[in-house]
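Accompanying notes for the structure given below.
Ligands are counted one by one from 1 in listed order, and the atoms in each one are counted from 1 as well.
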Amino acid sequence: MVIDAVGLTKAYRDVLAVDGLDLHVAPGEIHALLGLNGAGKTTTIRMLLGMVRPTRGRVSLLGSPIRPGARAVWAGVGYLVETPSAYPDLTVDENIRMAARLHGLRDEKAVAAVISRLGLDRHTRHRARTLSLGNKQRLGLAKALVHRPGLLILDEPANGLDPAGVVEIRQLLHDLAHSQGVTVLLSSHILTEVARLATRIGVLDRGRLVWEGAAGDLVAQARPRLSVVVHDRPKAAAILHAAGHPTADNGDRALTLTGDRAIRRPEDIATLLVDAGCPPSRLAVEQDDLETCFLRLVGTR
Ligand code: ATP
């Protein structure tokens, strides 16, 4: 495993920011930590990076335990945590060179390559403080990538980027993972932003991992259903059951059907109910969007 965290816990005076988190990320995976504000994403990432000392639990990255003085591991790790920091009065080019030098890198080509990869060519001579938020984020990513790390840990990498920038970063991370085998851990509070990028997703809520699985499984939870409004719900439900359509009556106005047959041919349901003297006043196939799925997982609406 590239990231191994066991029982990771951080207690502040009256807040359990992270509570017994286990995280195992395999090589080449793009793993997203998803959670609302305050769920514990930043604290988790800071513990992984040795910036916050865990109250309990342990972390190893690239097979090396993270502890004070364990320096060798950082050669293989690139990271970006919250607001990217740069020397405000140095130019983009100087900032990236500085980052390269901190890794003992004197390769001019690596600096030029990462500048072009992040689309910062037009800004190389601009001072960092004059950059837009999106370009500051690009500079932060360039600094994280300049030494070609095998593991990238990114806290909300899409922060401050416009929609085109989000797509660009998604493409970049996808390429790094798929063509160069880079392992990526990133955090986000927007499911749709990571649904198509991540291979695995862990959902954090109030410091706990409430769901973990393949990204596709989370997307699949956004299943369609047929919603049927009828005057006499119990009678309609009995008719549908008798015809082999599993039907849920949740006590609100509509009955809900999730069977494939009902969803593929809602007109059959309409005919069935009309013929039985129980005509529906409304019939519609509905589908949760991904955000609703996510909010359902964390138990808020
Ligand atoms: P956001 O997206 O808002 O950054 P997050 O998921 O990254 O949210 P964290 O920043 O990890 O969440 O915070 C988790 C909880 O821990 C919050 O309730 C926060 O107030 C608390 N917390 C974080 N850092 C500290 C600290 N230094 N002292 C006390 N409480 C803290």
Plane angle bin for His103 and His147 - parallel if under 30°, tilted between 30 and 60°, otherwise perpendicular: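 Because their plane-to-plane angle is under 30°, the rings of His147 and His103 count as parallel.
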
Side-chain donor or acceptor of His231 paired with backbone N/O of Pro280 under 3.5 Å: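 No; judged by distance alone, with no hydrogens or angles, the pair does not exist.
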
Check: Asp22 side chain, Gly7 main-chain N or O, donor-acceptor pair, under 3.5 Å: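 Present.
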
Check ion pair Arg127-Glu94 (N to O, under 4.0 angstrom):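 Salt bridge flag = no for Glu94 with Arg127.
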
Charged N-O contact under 4.0 Å between Lys41 and Asp155: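 Looking at Asp155 together with Lys41, the answer is no, because their closest N to O distance does not fall below 4.0 Å.
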
Among all protein non-hydrogen atoms, which one is nearest to [atom], and what is the separation to 0.1 Å?
atom: atom 29 (C) of ligand 1; result: Tyr12 CG, 3.3 Å
atom: atom 10 (O) of ligand 1; result: Thr42 CB, 3.7 Å
atom: atom 11 (O) of ligand 1; result: Thr43 OG1, 2.5 Å
atom: atom 8 (O) of ligand 1; result: Gly38 N, 2.6 Å
atom: atom 12 (O) of ligand 1; result: Gly40 N, 3.1 Å

Ligand 1 versus Val15: contacting region, heavy-atom distance under 4.0 Å: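 Under 4.0 Å from ligand 1, Val15 contributes side-chain atoms alone.
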
Location of contacts on Leu36 toward ligand 1, heavy atoms closer than 4.0 Å: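 The part of Leu36 near ligand 1 is the backbone, not the side chain.
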
Sub-4.0 Å atoms of ligand 1 with respect to non-hydrogen atoms of Ala39: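 Answer, ordered by atom number: 5 (P), 6 (O), 12 (O).
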
Subset of ligand 1 atoms that lie under 4.0 Å from at least one heavy atom of Ala17: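 Matching atoms, with element in brackets: 14 (C), 15 (C), 16 (O).
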
Heavy-atom protein contact below 4.0 Å for atom 6 (O) of ligand 1: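 Given the 4.0 Å limit, the answer for atom 6 (O) of ligand 1 is yes, a protein heavy atom qualifies.
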
Steps toward salt bridge (Lys or Arg N to Asp or Glu O under 4.0 Å) verdict (Glu212, Arg208): CA-CA 11 Å; Glu212 194 187 23; Arg208 287 173 162 267; over 6 Å; no

Residues clustered with Val274, ILVMFWY side-chain links under 4.5 angstrom: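 Under the 4.5 Å side-chain rule, Val274 groups with nothing.
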
Pair listing, ring-ring contact (aromatic ring centres under 6.0 Å, His included) test, anchored in residues 170-227, at least two apart: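 Only His174-His178 qualify under ring-ring contact (aromatic ring centres under 6.0 Å, His included).
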
Sub-4.0 Å heavy-atom approach of Val18 to ligand 1: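 Val18: no contact with ligand 1 (<4.0 Å).
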
